[in-house]
Amino acid sequence: MIKENPYQASRPINDSKDFFGRKREFRFLYQMLMSNESVNIIGPRRIGKTSFLNVLPGNDIQQNFFGESIFNEKDIFLFLDMQSQKSTTPTELLTRLAEQIHATGIDINHEMQSYYDFGRVLERLTHEGIRIFILLDEFDSVAQNDHFDIEFYDMLRHYQQRYRVSYIVASTKGVKEVSKSTVTSSEFFGIFRVLHLELLQEEDASDLICKDDLLSQHMNFVKLIAGYHPFFISQLCFYLFHFHLYEADTPIEKIREMSIYHFLEEAFDHFSYYWEHLSTEERAVLKKISKSKKIDQDDAPELTALKQKALIIERNGRHMVFSSAFDGFVEEIKFSEKKEEISQFLAKNTKTLVSIAKYCIDKAIELKK
Ligand SMILES: Nc1ncnc2c1ncn2[C@@H]1O[C@H](COP(=O)(O)OP(=O)(O)O)[C@@H](O)[C@H]1O
Ligand SMILES: [Mg+2]
């Protein structure tokens, strides 16, 4: 019989039993929502934003992390992935939202013809003591939608001011930064509290790694290679688990080596993406950290940015690259500002991959000493 692999990283977490950590972040969020604020959740790709949005309405999460329920049974959560709304018009978007309200069993006409129509719906819900939480994921995508003009954003703000509406918006940079400069004068962009999602806390990373007991023997190894990053941990653990199950006679060192190769092959694209989206100054500071060179006081802004991008951690006052696999990548990649040079580097993929794998394996051996 095929045993299910408990580590998956291809789709966001939907079930709170698969969700690890984020206690502090939930406490902040719930506190903000209790006072009807709107929140911008900022974090790099794959850090767990969608998963966070998916589980936040759950009563078990509220109880575990906050000690009480934040939401009433009547409260409504509306969820839109803005990636799928790149050419939607404002009334179409409001119709999508109204359809979800309708689906909860509230009898409304969900064809929205105007901003006013949606206002009427919100008025009714507010009157009935229902709070509405509008979760907008992948907000970076709206920058590409020309239908969303200033009037649209002003109306979103109007709903929030007038009715019991809170927005919880996920993006890789601040909402204002990812939007078109033609709309950012709307006051909508000024209503948000900010919550950063960064790496996991160490003990939560440990819990995720040990989701299946079989992998507890690899805990330090996984932390070394993947850092406290939930996505990279899940990817690496997937392979370790797989090889333990299907190549049970293989020595542990060999299992680790095979897993590293598989892991790196997939992680490489993500590493490249992260690198490509760094400023020249951020790259320079990252290179310094990788080589354990001294950090200047002037580097403080880059350190903050790199931390928020989940690429470095601070331990005992020292900055370190978050994972030794990414550290190996940073060592290998030539410092270059030109896009062509990066793509050339990527073309030589296999050779680089092998040397990063060697680097990781050496580090893992050091770890055991
Ligand atoms: N708190 C978490 N607990 C367990 N796994 C997580 C957690 N956060 C993220 N992951 C893992 O990382 C992957 C990427 O998460 P996702 O929510 O899609 O990130 P984002 O929306 O920021 O790109 C998920 O598929 C999941 O495997
Ligand atoms: Mg996402």
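Indexing begins at 1, ligand by ligand and atom by atom, following the structure's order.
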- Task: Would you mind telling me which of Phe271, Phe329, Phe268 makes a ring-ring contact (aromatic ring centres under 6.0 Å, His included) with Phe232?
- Result: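 Going through Phe271, Phe329, Phe268 one by one, the ring-ring contact (aromatic ring centres under 6.0 Å, His included) with Phe232 is satisfied by Phe271 alone.
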
Under 4.0 Å to a heavy atom of [X] - the qualifying atoms of ligand 1, by number:
{"X": "Phe231", "result": "12 (O), 13 (C)"}
{"X": "Gln8", "result": "27 (O)"}
{"X": "Lys49", "result": "17 (O), 19 (O), 20 (P), 21 (O), 22 (O), 23 (O)"}

Answer yes when [X] and [Y] have at least one side-chain N-carboxylate O distance shorter than 4.0 Å, and no when they do not.
{"X": "Arg283", "Y": "Glu302", "answer": "no"}
{"X": "Lys180", "Y": "Asp146", "answer": "yes"}
{"X": "Glu128", "Y": "Arg124", "answer": "yes"}

Got the closest protein heavy atom to [atom], with its distance?
{"atom": "atom 4 (C) of ligand 1", "result": "Asp18 O, 3.3 Å"}
{"atom": "atom 17 (O) of ligand 1", "result": "Ser51 OG, 2.6 Å"}
{"atom": "atom 7 (C) of ligand 1", "result": "Pro230 CB, 3.6 Å"}
{"atom": "atom 14 (C) of ligand 1", "result": "Arg46 O, 3.7 Å"}

- Does any N/O atom on Arg11 come nearer than 3.5 Å to any N/O atom on ligand 1?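 N/O-N/O distance under 3.5 Å: yes.
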
- Task: Could you tell me whether Phe20 and ligand 1 have an N or O pair separated by under 3.5 Å?
- Result: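 Yes: some nitrogen or oxygen of Phe20 is under 3.5 Å from one in ligand 1.
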
Should the ring pair [X] and [Y] be called parallel, tilted or perpendicular, given that the plane angle runs from 0 to 90° and is split at 30 and 60?
{"X": "Phe231", "Y": "His270", "value": "perpendicular"}
{"X": "Phe148", "Y": "Phe152", "value": "parallel"}
{"X": "Phe192", "Y": "Tyr167", "value": "tilted"}

- Contact check: Ser51 to the Mg ion (ligand 2), N/O/S below 2.8 Å: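 Coordinating: no.
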
- Query: ligand 1 versus Ser234, non-hydrogen atoms closer than 4.0 Å: side chain, backbone, both, neither?
  - Reply: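 Under 4.0 Å from ligand 1, Ser234 contributes side-chain atoms alone.
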
- Item | Whether Ala9 lies under 4.0 Å from ligand 1, heavy atom |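 For ligand 1, residue contact (heavy atoms, under 4.0 Å) with Ala9 is present.
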
- From the candidates Gly48, Cys237, Ala310, Ala205, the one that places a heavy atom nearest atom 19 (O) of ligand 1: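 Nearest option to atom 19 (O) of ligand 1, by heavy atoms: Gly48.
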
- Task: Using the six-membered ring of Phe66, assess whether NZ or CZ of Arg27 lies under 6.0 Å from its centre and within 45 degrees of the ring axis.
- Result: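 No, Arg27 and Phe66 do not form such a contact.
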
- Pair Tyr115 + Tyr159: ring centers closer than 6.0 Å: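 No, ring centres 6.0 Å or more apart.
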
